[in-house]
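Comments concern the structure below.
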Amino acid sequence: MRCFLALPIPEPLLPALLDAQEAVPVGRAVPEENLHLTLAFLGEQPDFALAELDAALMAAPLPGCTLALEGLESFGGRRVKLLAAGVTRAPELVALRERVQGALRAAGIALPRERFRPHVTLRRFGNGLREADRARFEQGVARFAALRSAPEPVAELRLVSSQLTPEGAVYETLAVYPLAG
């Protein structure tokens with residue numbers, strides 16, 4: 001099963017994210033119900049590994065955290081693959097990610113080491129942003145480059161399955177883990 005661990009977006013942050021998403025009229029928008037912050041992408045995992053992960057995440061309380069928006073960023077270099085809202089790399093968010101990484105190790109799920117760049121994906125550009133769309137992309141991004149928000153508490157961590165379809169990913173929440181605070 002293809003899965004990831006994610007934080008849902010606190011309700012007060014959604015309007016700003018949707019406004020920023022709408023300001024960039026190119027690419028494929030991520031549906032509102034799919035907006036999230038990925039703490040760990042697990043890829044394909046067997047059921048027994050997910051059961052071990054569930055036990056590891058339930059073993060001790062998970063630390064609470066907040067999310068605060070911090071500008072827009074693109075991923076993929078000159079051939080932009082996605083547009084995202086940056087999220088402040090707050091100490092409590094980093095602590096939660098480290099706890100999640102520990103649970104993954106305890107469950108025997110080895111992931112490649114990667115730099116943690118917290119973000120919420122807003123738009124995807126398939127094989128890359130077309131040159132014909134670059135001006136509209138840059139205009140929309142410029143309007144929301146200074147996107148900022150106050151920190152908002154996150155109530156839970158979710159284990160989510162992701163099934164890829166031609167219309168985009170279909171997500172299903174498999175488990176919910178409350179966060180302290």
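Basis for what follows: all heavy atoms, side chains included, without hydrogens, waters or symmetry-related copies.
Applying the side-chain hydrogen bond (donor to acceptor under 3.5 Å, both in side chains) definition to pairs two or more places apart or across chains, those involving residues 96-120 are Glu73-Arg117. Sorted by first and then second residue, the side-chain hydrogen bond (donor to acceptor under 3.5 Å, both in side chains) pairs with a member in residues 18-27 form an empty list; sequence neighbours excluded. Listed by first and then second residue, the side-chain hydrogen bond (donor to acceptor under 3.5 Å, both in side chains) pairs that reach into residues 143-156 are Glu156-Arg158, sequence neighbours excluded.
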Assess whether side-chain contact (heavy atoms from CB on, under 4.5 Å) is satisfied between Val160 and Leu174, documenting all intermediate values.
CA-CA 5 Å; Val160 180; Leu174 303 175; over 6 Å; no
Residue pair Val87, Val120: steps toward the side-chain contact (heavy atoms from CB on, under 4.5 Å) verdict
CA-CA 7 Å; Val87 173; Val120 178; 4.0 Å; yes
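Atom CD of Glu11 sits in a sparse spot, with 12 or fewer heavy atoms from other residues, nucleotides or ligands closer than 6.0 Å.
To the nearest 0.5 Å, atom CZ of residue Phe125 and atom OG of residue Ser74 are 8.5 Å apart. Taking CG of Leu37 as the reference point, atom CG of Leu93 lies at 6.0 Å (rounded to 0.5 Å).
Nearest heavy atom pair, residue Leu62 against residue Pro178, reads CB-O, 4.0 Å. Smallest separation of non-hydrogen atoms from Ala56 and Ala103: CB-O, 3.6 Å. What you find for Val100 and Ala40 is that their closest heavy atoms are CG1-CB, 4.3 Å. Annotation for Leu147 and Ala85: closest pair CD2-CB, 4.2 Å, computed over non-hydrogen atoms.
Looking at residues two or more places apart in sequence or on another chain, you find a ring-ring contact (aromatic ring centres under 6.0 Å, His included) between Phe4 and His36, Tyr171. Take Arg89 and apply the salt bridge (charged side-chain N to carboxylate O under 4.0 Å, His left out) test, not counting sequence neighbours, and it matches no residue. Partners of Thr121 under the side-chain hydrogen bond (donor to acceptor under 3.5 Å, both in side chains) rule, at least two apart in sequence or in another chain, do not exist in this structure. Residues passing the side-chain hydrogen bond (donor to acceptor under 3.5 Å, both in side chains) test with Arg130 are Asp133, sequence neighbours excluded. For Glu172, there are no salt bridge (charged side-chain N to carboxylate O under 4.0 Å, His left out) partners, not counting sequence neighbours. Residues that satisfy the side-chain hydrogen bond (donor to acceptor under 3.5 Å, both in side chains) test with Glu131, not counting sequence neighbours, are Arg134.
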Which donor-acceptor pairs under 3.5 Å do the side chains of residues 75-83 make with protein atoms, sequence neighbours left out?
{"from": "Arg79", "atom 1": "NE", "to": "Asn127", "atom 2": "O", "distance (Å)": "3.2"}
{"from": "Arg79", "atom 1": "NH1", "to": "Leu129", "atom 2": "O", "distance (Å)": "3.3"}
{"from": "Lys81", "atom 1": "NZ", "to": "Asn127", "atom 2": "O", "distance (Å)": "3.3"}

Listed pairs under 3.5 Å, donor-acceptor, residues 41-55 side chains, sequence neighbours left out:
{"from": "Glu44", "atom 1": "OE1", "to": "Met1", "atom 2": "N", "distance (Å)": "3.4"}
{"from": "Gln45", "atom 1": "NE2", "to": "Leu42", "atom 2": "O", "distance (Å)": "2.8"}
{"from": "Asp54", "atom 1": "OD1", "to": "Tyr177", "atom 2": "OH", "distance (Å)": "2.6"}

Side chains of residues 65-72: which donor-acceptor partners sit under 3.5 Å, not counting sequence neighbours?
{"from": "Thr66", "atom 1": "OG1", "to": "Glu92", "atom 2": "OE2", "distance (Å)": "2.8"}
{"from": "Glu70", "atom 1": "OE2", "to": "Thr88", "atom 2": "OG1", "distance (Å)": "3.2"}

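In terms of hydrophobic clustering, with Ile, Leu, Val, Met, Phe, Trp and Tyr side chains grouped at heavy-atom distances under 4.5 Å, Val170 and Val30 are assigned to different clusters. Under the 4.5 Å side-chain heavy-atom criterion for grouping Ile, Leu, Val, Met, Phe, Trp and Tyr, Met58 is not connected to Val176 through any hydrophobic cluster.
The shortest side-chain heavy-atom distance between Pro10 and Leu13 falls under the 4.5 Å cut-off. Between Leu57 and Leu5 the shortest side-chain heavy-atom distance falls below 4.5 Å. Counting heavy atoms from C-beta outward, Val154 and Pro8 have side chains that approach closer than 4.5 Å. By the 4.5 Å heavy-atom criterion applied to side chains, Leu96 and Leu39 are counted as neighbours.
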